[in-house]
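Inspection log for the structure reproduced underneath, given as structure tokens.
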Amino acid sequence: SQTIHQWPATLVQPVGSPLSLECTVEGTSNPNLYWYRQAAGRGLQLLFYSVGIGQISSEVPQNLSASRPQDRQFILSSKKLLLSDSGFYLCAWNREGRNSPLHFGNGTRLTVT
Amino acid sequence: AQTVTQSQPEMSVQEAETVTLSCTYDTSESDYYLFWYKQPPSRQMILVIRQEAYKQQNATENRFSVNFQKAAKSFSLKISDSQLGDAAMYFCAYRTLRNRDDKIIFGKGTRLHILP
């Protein structure tokens, strides 16, 4: 069966520090991968998605970036965090087929101080 | 660009009653997929129900059903016989399938309270 791992579960970082959140999927190949951010009152905001290795689409231009160094690995990064980067970050995957739902990780609670 | 709108930030329903959560979306595409997800206090995202745009029949999963009106671009979720465990944030989501632009967009969510 497929599983998705996302870490860390919680993170407190000072403004201006770097960020690296990692997500890996097991039990499937060539998944579509997604990073979402959930902030109060804004629902789930799509940040990045990837349909293959090295293919990253950005939905929200900001100081975050994403990379997919391996087929089942998706990394969210920042060189310098802002206060506004605080939120709950969710990684998710699905298959290319039309009826494939999203499967989510457990999320990372990021607090920028 | 596609957008998803959930106009009810919060709703309450008496236990055992029926409640309908609304969702509308904006798209120029004819082929897409729609989903409802539930996020309980644990914050784990759980798929509730899904609907294919080219299917006219409304999807049903036990106590959960949808009213899909393609022309009106409306996708509401009906929860029958509400239970305390249904208390959660509910998100409507739209999946585009055009030209490998395979992204899924969510609404802002509706927080559902179940009154005992």
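Below, chains carry the letters A, B, ... as their sequence lines are ordered, and counting in each starts from 1. The model shown is predicted, which means the values in this text are computed figures rather than measured ones.
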Checklist line | Hphob cluster co-occupancy, B:Leu84 + B:Leu115, side-chain heavy atoms under 4.5 angstrom | finding: no
Next item on the list: Considering only heavy atoms, give the residues of residues 80-94 of chain A separated from chain B by less than 4.5 Å, sorted numerically, with 'none' for an empty result.
Entry: A:Phe88, A:Leu90, A:Asn94
Item checked: Same apolar cluster: A:Val12 and A:Val15, side chain cutoff 4.5 Å -> no
Note to self: When you group the ILVMFWY residues by side-chain heavy-atom contacts below 4.5 Å and let the links chain together, are A:Leu64 and A:Ile75 in the same group?
What the structure shows: no
Next item on the list: Check each atom of B:Gln51 against the heavy atoms of chain A and say whether the ones under 4.5 Å are side chain, backbone, both or neither.
Entry: neither
Check: Does A:Ser100 offer a backbone N or O that forms a donor-acceptor pair with the side chain of B:Arg95 under 3.5 Å?
Finding: yes
Check: Between atom CG of A:Leu102 and atom OH of B:Tyr37, what is the distance when rounded to the nearest 0.5 Å?
Finding: 4.0 Å
Next item on the list: Hey, could you give me the OH/CD1 distance between A:Tyr36 and B:Ile105, rounded to the nearest 0.5 Å?
Entry: 8.0 Å
Check: Checking B:Arg43 against chain A: side chain, backbone, both or neither under 4.5 Å from a heavy atom?
Finding: both
Check: To the nearest 0.5 Å, what is the distance between CZ (A:Phe104) and CD1 (B:Ile46)?
Finding: 11.0 Å
Notebook entry, point to check: Which distance, rounded to the nearest 0.5 Å, do you find between the NE2 of A:His103 and the CG of B:Leu47?
Noted result: 8.0 Å
Check: To the nearest 0.5 Å, what is the distance between CG (A:Leu46) and CZ (B:Phe106)?
Finding: 9.0 Å
Margin query: Distance check, rounded to the nearest 0.5 Å: B:Lys108 atom NZ versus A:Gln38 atom CD?
Written below: 13.0 Å
Check: Is it the case that more than 12 heavy atoms not belonging to B:Gln57 sit under 6.0 Å from its CD atom?
Finding: no
